[in-house]
Amino acid sequence: MMSSVDGAEQVAAAATAPVVGEWYHLAVVYDAPQNTLRLYVGGSAAATVTGPQQPWHADGRLLVGVTGADAQNRTYGPGGVDDVFVYHGAFGQEQITDLASGVLPHPR
């Protein structure tokens, strides 16, 4: 999920619910030139949504596993989060597949 500067939220959700006790590799790609938000589960595309009408400015905090930007409206997910990486630029399918199999990209 991402929020635009006007507070509108875009949600990309997988069609299949996760299994309790299972580990999942999740990747989310926001592609500004394409105006899309893509969710990958286990290296495979799971959902794509069109981005917000207003440009998305990522100038605040990055929240992972949480919904709601302010403390009064936060909801924490029921699972654990481990090994969070943030990259500059939009990765394609091949790079996401590599990440899911444990291959990290070369630094630029």
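Quick caveat, the model's predicted, so the values are computed rather than measured.
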Minimum heavy-atom distance A46-V41, with the two atoms named: CB-CG2, 3.8 Å
query: Do L37 and T48 touch side chain to side chain, with heavy atoms closer than 4.5 Å?
result: no
For N35 against Y30, the heavy-atom pair lying closest together: OD1-OH, 4.0 Å
- prompt: Which atom pair, heavy atoms only, marks the closest approach of A47 to A13?
  reply: CB-O, 3.4 Å
task: Please name the pair of heavy atoms, one in G42 and one in A100, separated by the smallest distance, quoted to 0.1 Å.
output: C-CB, 3.7 Å
task: Over all heavy atoms of both residues, which pair between P105 and F91 is shortest? Give the atoms and the distance, please.
output: CG-CZ, 3.9 Å
- prompt: Would you say Q95's side chain and G92's backbone share a donor-acceptor pair under 3.5 angstrom?
  reply: yes
- prompt: Which heavy-atom pair separates V29 from A90 by the least distance, and what is that distance?
  reply: CG1-CB, 3.6 Å
- prompt: Are there more than 12 heavy atoms of other residues, nucleotides or ligands under 6.0 Å from atom CD of Q34?
  reply: no
task: Start with the C-alpha gap between H25 and Y40, add the side-chain angles, then the distance that decides, and say whether side-chain contact (heavy atoms from CB on, under 4.5 Å) holds.
output: CA-CA 8 Å; H25 179 273; Y40 295 86; over 6 Å; no
- prompt: Sequence neighbours excluded, which residues qualify as salt bridge (charged side-chain N to carboxylate O under 4.0 Å, His left out) partners of D31?
  reply: R38
field: ring pair (Phe, Tyr, Trp, His ring centres under 6.0 Å) against Y76, all qualifying residues, sequence neighbours excluded
entry: none
query: Is there a path from V86 to V64 through hydrophobic residues (I, L, V, M, F, W, Y) whose side chains come within less than 4.5 Å of each other?
result: yes
field: Path from V103 to L99 over hydrophobic side-chain contacts below 4.5 Å
entry: no
